[in-house]
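Throughout, protein chains are lettered first and strands after them, A, B, ... in sequence-line order, and every chain is numbered starting at 1.
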2 protein chains.
Amino acid sequence: MVSFSLLNHREGDIKMNQSVIKALKLLDYFTEDTPEWTLKEIAIRAELPKPTAYRLLTSLEYCGFLRKIKQSEHDSRYQLGVKLLELGHRVADQIEIRKIAKPFMEQLGERLNEAIHLVTVEGGQAIYIDKVDSHRALRLCTKVGKRSPLYSGSGPKLLLAHLQEDEQATVLQTISHPFIDSSRVKAELKLIKEQGFALSEGEQDVDTTGVSYPIYDYQHSVVAAIAVSGLTSRFEGDNLLRIQEETRKTAQQISSALGYQIN
Amino acid sequence: MVSFSLLNHREGDIKMNQSVIKALKLLDYFTEDTPEWTLKEIAIRAELPKPTAYRLLTSLEYCGFLRKIKQSEHDSRYQLGVKLLELGHRVADQIEIRKIAKPFMEQLGERLNEAIHLVTVEGGQAIYIDKVDSHRALRLCTKVGKRSPLYSGSGPKLLLAHLQEDEQATVLQTISHPFIDSSRVKAELKLIKEQGFALSEGEQDVDTTGVSYPIYDYQHSVVAAIAVSGLTSRFEGDNLLRIQEETRKTAQQISSALGYQIN
DNA sequence: TGCTTCGTTTCATTATTTAAAATGACATTT
DNA sequence: AAATGTCATTTTAAATAATGAAACGAAGCA
């Protein structure tokens, strides 16, 4: 079992500040179902003495993490504050999917010993933004930064399948390749979305096969694809099933690291 | 009704937990320009002893508010953590007007191809609670969650103009800016109320102009402002008239969706 | 009026934070 | 190869700041 956010710290650790932890944990009580709490409710729920809870809540409010709605002298409610909007947005802007995905890609690369790629969309094209090479003698050495049309290769196709319909249509219109039938492409994209992964055989390179799974962000949008590729002969039978399962898990782990939550 | 409550707490207050405040303030150092900090940098910047900063950072990391990237034994960097994404999203979900306004904002954004913002009042300040970016190369990228004084920018000014008289007076008293003449501000606020919209040129950013219209709820209270902003050169002549007309309509649509009815 | 329920404050006690100094691991310089 | 410097981390006794039982005051209820 691979846990992808290994916590280094135990709660009782001396090297932490207990007050900070107590305060931050209070924020978790403010959920979609229970967005409002009174001092008394929080104190009971968190098993803290009322004055302690009071001071923690007041501190959180002072910093904008909570909002206090005082309706009368002895009826105050707390809600999450707008400071969290600001910070949440900052995180979203700062997330560099490459950095987050890299360790997981390396792990997957060691396990499968095949080339692992991270692919995104920009300007109607697929772009390989990172890779981990396999250690095999005969190996695929794709260049990071390579651009590719969205209809060719497992990663690009997967991304195309998850584009908004209008964007997808725009891309499909640009396919001028004589051998490609756009109605068949559409059918395949539909299948890719349904089965949750994309397969390509000999599309990017002769004799190589690729398998891709989607990476989701906290908004449940597909932001990238993780692709495993190598010699077609190594992508058959039980081996293929194993590659698929490992890749699916890795994509899931990276998604979680990006804040994706299944609810 | 636009809620209005001035902050009740001073920093030195006994009724707060200093450790919590110190920790939360550290998060503010992680901006777009400086998204990464080492322990040493944070300790210097926050003027805290290294071990103290260390424990605060470790506690924040333990709760997912920070992410530690340990590259080697003596090279660790901290970034904002995905927990903030989760909490930010929870706050966003709790602001109902966002959900209602979003589709209309997107529609307006497509029509005008300029940045659209949704602005409200809290704690005597304007807060940008949502945005739709334009697709132009040169575009305004304002941050959601940003606070701004109520006398600067079309959205804030419009909200200020529609505050209750006593609240408006309180805000105007806090204006200590040497170049701002409060009697002229009052005159402008009166005009804004009369003409039904607010204009700002170069107030939030040099070279940008903003146009704002009020959003009313079922009680006929102004609950938010919708603001369109972009390069001043694009806000002139017939173009400005078109922007005003489209924005006015959108504000009207959102108001209707909130239950506002003209009798 | 008396009783209860809140949020808030008080204050003596004590547990937790504090920060100087030391440590160990690595990198760079001599 | 030894010495120096730099960093994150751990240790320590000292000091401060958090603690929580109790009390307070304001509001609602009976």
*Asks:* Just to verify, which of Q125(B), H117(B), Q204(B) counts as forming a side-chain hydrogen bond (donor to acceptor under 3.5 Å, both in side chains) with K146(B)?
*Replies:*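 Going through Q125(B), H117(B), Q204(B) one by one, the side-chain hydrogen bond (donor to acceptor under 3.5 Å, both in side chains) with K146(B) is satisfied by Q204(B) alone.
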*Asks:* Would you say the side chain of R248(A) lies within less than 4.5 Å of the side chain of V211(A), judging by non-hydrogen atoms?
*Replies:*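 A side-chain contact under 4.5 Å is absent here.
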*Asks:* Of the options dT9(D), dA18(D), dT8(C), whose atoms approach the side-chain atoms of Y54(B) most closely?
*Replies:*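 In terms of side-chain proximity for Y54(B), the closest of dT9(D), dA18(D), dT8(C) is dT9(D).
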*Asks:* Starting at atom CD1 of I21(A), determine the distance to atom C1' of dT16(C), rounded to an integer number of angstrom.
*Replies:*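 The distance from CD1 of I21(A) to C1' of dT16(C) comes to 13 Å, rounded to the nearest Å.
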*Asks:* Counting heavy atoms not belonging to Q71(A), are there more than 12 under 6.0 Å from its CD?
*Replies:*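 Yes, enclosed.
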*Asks:* P49(A) side chain: which of dT19(D), dG20(D), dT8(C) is closest?
*Replies:*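 Among the listed nucleotides, the one closest to the side chain of P49(A) is dG20(D).
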*Asks:* Take atom CG of L57(B) and atom C1' of dT9(D), then tell me their distance rounded to the nearest Å.
*Replies:*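 Distance, rounded to whole Å: 13 Å.
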*Asks:* Which listed nucleotide (dT19(D), dG7(C), dA21(D)) is nearest to the side chain of K40(A)?
*Replies:*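 Between dT19(D), dG7(C), dA21(D), the one nearest the side chain of K40(A) would be dG7(C).
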*Asks:* Are OP1 or OP2 of dT19(D) and a side-chain N or O of K22(A) less than 4.0 angstrom apart?
*Replies:*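 It does, given that an N or O in the side chain of K22(A) lies less than 4.0 Å from OP1 or OP2 of dT19(D).
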*Asks:* Which of the following nucleotides, dT19(D), dG7(C), dT9(D), is nearest to the side chain of K68(B)?
*Replies:*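 The answer is dT9(D).
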*Asks:* Provide, to the nearest angstrom, the distance between the CG atom belonging to L56(B) and the C1' atom belonging to dT9(D).
*Replies:*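 Nearest whole value for this atom pair: 15 Å.
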*Asks:* For the side chain of P51(A), starting at C-beta, report the closest nucleotide among dT9(D), dG7(C), dT9(C).
*Replies:*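 So the nucleotide nearest the side chain must be dT9(C).
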*Asks:* Looking only at the side chain of S76(B) (C-beta and beyond, no hydrogens), which of the listed nucleotides dA8(D), dT8(C), dT19(D) gets closest?
*Replies:*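 Of dA8(D), dT8(C), dT19(D), dA8(D) is nearest to the side chain of S76(B).
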*Asks:* Across the strands shown, which category fits K50(A) at heavy-atom distances under 4.0 angstrom: base, sugar-phosphate, nothing?
*Replies:*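 It contacts base atoms.
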*Asks:* Once the angle between the rings of Y260(A) and Y216(A) is folded into 0 to 90°, is it parallel (under 30°), tilted (30 to 60°) or perpendicular (over 60°)?
*Replies:*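 Because their plane-to-plane angle is under 30°, the rings of Y260(A) and Y216(A) count as parallel.
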*Asks:* Send over the distance from L48(B) CG to dT18(C) P, rounded to a whole Å.
*Replies:*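 My rounded result for the distance is 8 Å.
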*Asks:* Quick one about T250(A) and T247(A) (side-chain donor to acceptor, distance below 3.5 Å, no hydrogens or angles considered), yes or no?
*Replies:*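 Absent: no donor and acceptor within the cut-off.
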*Asks:* What integer distance in Å separates K70(A):NZ from dA26(D):C1'?
*Replies:*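 Result: 10 Å.
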*Asks:* Decide yes or no, distance alone: a donor-acceptor N/O pair under 3.5 angstrom between the base of dG20(D) and the side-chain of R55(A).
*Replies:*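 Between dG20(D) and R55(A), which were checked side chain against base, a qualifying N/O pair under 3.5 Å is present.
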*Asks:* Whole Å only: how far is the CE atom of M16(B) from the C1' atom of dA17(D)?
*Replies:*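 So the CE-C1' distance, M16(B) to dA17(D), works out to 14 Å.
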*Asks:* In whole Å, I'd like the distance from the CD atom of E47(A) to the C1' atom of dT19(D).
*Replies:*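 Taking atom C1' of dT19(D) as the reference, CD of E47(A) is at 17 Å.
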*Asks:* For I42(B) and dT9(D), what is the distance between atoms CD1 and P respectively, to the nearest whole Å?
*Replies:*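 About 14 Å, once rounded to whole Å.
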*Asks:* Using OP1 and OP2 only, check whether a side-chain N or O of S19(B) sits under 4.0 Å from dT17(C).
*Replies:*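 Result: no.
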